[in-house]
Amino acid sequence: MLHGITYLDHAGTALPSVSLIDSFSRQQKRLLLANPHSALSTSPNLTQTVVQGARLQVLKLFNASPDHFDVVFVANATAATKLVFDAFRDQNQGFDYYYHRDCHTSLVGGRQLAQQHCCFSGADADDITEWWLGQDDAQNDHARPKLFAYPAQSNMNGRRLPLSWPATMRKEGRHKNTYVLLDVAAYVSTSPLDLSDHEGAPDFLTMSFYKIFGYPNLGALLVRKAAAHVFNQRRYFGGGTTDMITCNEDTWVARKKGLSESVEDGTGPAHSILALDCAIRVHQKLYGGLEQVSKHTSWLARQLYEQLSSLRHSNGRLVCVIYKDPASTYGDRTTQGATVAFNVYGTDGRYFDTALVSNEAMACKIHIRAGSLCNPAGMAHTLGYDDHELRRVYSAGLRCGEGNSFTGRPLGMVRVSFGACSILDDVVAFMNFMKASFVDRTSDRHDSKTQTVDKQGMKMLAVERRRSRVGIGEAG
Ligand SMILES: *Cc1c(COP(=O)(O)O)cnc(C)c1O
């Protein structure tokens, strides 16, 4: 599938290996996967055995003991996240929600279900310990739980955040009613994750397996057993999750014991779970595990970062502005993942629309990602937009996934990301593309800028949307 293509969007999705597809197709031809609910609980069928085996494989992958963690299979990281938010919404007094500015859109969305919410978006966003010490569950509204969410790795620029926060937060002991959700969707795609210290681990972890293996399109929610009780108040129930239901005068339901049994509504994706089992085995065999992938991709990202950050026009101006977090260092795997996010500037110091960069890359058979990258607060913070400005550009017509030359400064980024199967030739190909397409080029030559006036009469500098034959959607 890579024939002639340079694939640099592993943070969008990894690519499945041929051996994974072969292994899965062999297993599929061999195994009869009946409906798991068709078996009696006293004699499990093959489907139940496969699903149970895959749960253990997932726990093993992250060094998580089945004594302390449960695995819930869901469609993707977003569905995992929503399952957590739904459980918190169903608490008697709801919940208060706190989230870090590097959160993916799917974590920001949880605020709509909370009684109160707050985004740590300012200069002190990383001062979580400070915030934590200022809180006391006994003095505050003790009955209403708090949920704090953050990503282990930003899907925007690959910055890795401290994994020590849950342990730091729990050390104080005054916070019996506060929980931590760690989104590891971007992180585990190119990094091992060690949950052997269950006392210092997050309460909830969310992930999408296609980001690690390319296939299957399946996700998981890992739940620390010490926090599993929040799901007891979940109101909805679906097929397979109950032991007895009455429907007349007395509407009563007895739910199944066990976390996955009580929250995995309906018939689970048995074939995808079988594919996951194949994926974990094949990945280990091909790449030698996530530790090796981590070292390899971290090295590649550093090569690209160093080359891009020293790329100059002949007049001495830098070609790229790279959005590295001040707290991260390329080559240091604890602070930076295998992602480089940037914008491209011409000899005149003006930037190229990210859609233009993406389209031109696509024309050269290079897959990258460009635009607002599903990271609203991180994007606004890094590019320096306040809420008011964002609403103004929305009014002027800007929409997610479109070009971004509305304000005279970038409102999106170009993102290059590496994965297990990336090689040094990919870095070389991308650098050659950058040199051939953008070095010593003015942004003027290709953009026809026109002054327009939006509805509020505000003067906006808008660039006519350029549409080449390849849509930017395809680059995603
Ligand atoms: C990709 C990603 C998600 C969302 O994953 P889906 O598969 O779209 O649900 C959430 N968080 C991070 C950090 C991601 O990289």
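First listed ligand is number 1; within each ligand, the first listed atom is number 1.
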Which residue, K256, R55, R255, forms the salt bridge (Lys or Arg N to Asp or Glu O under 4.0 Å) with E264?
R55
Heavy-atom cut-off of under 4.0 Å around ligand 1: list whichever protein residues fall inside it, by chain and number.
N76, A77, T78, H104, S106, Q153, N155, D183, A185, A186, S208, Y210, K211
N/O donor to acceptor pairs below 3.5 angstrom from side-chain atoms of residues 319-327, sequence neighbours left out:
from : atom 1 : to   : atom 2 : distance (Å)
Y323 : OH     : N343 : ND2    : 2.9
K324 : NZ     : S328 : O      : 2.5
D325 : OD1    : A327 : N      : 2.8

For A149 and Y97 the tightest heavy-atom approach is CB-OH, 3.3 Å
If you take all heavy atoms of F85 and L107, which pair is closest and at what distance?
CZ-O, 3.6 Å
Please state whether the rings of F88 and F95 are parallel, tilted or perpendicular, taking 30° and 60° as the class boundaries.
tilted
Just checking, R392 and Y385: is the charged tip under 6.0 Å from the six-membered ring centre and within 45° of the axis?
no
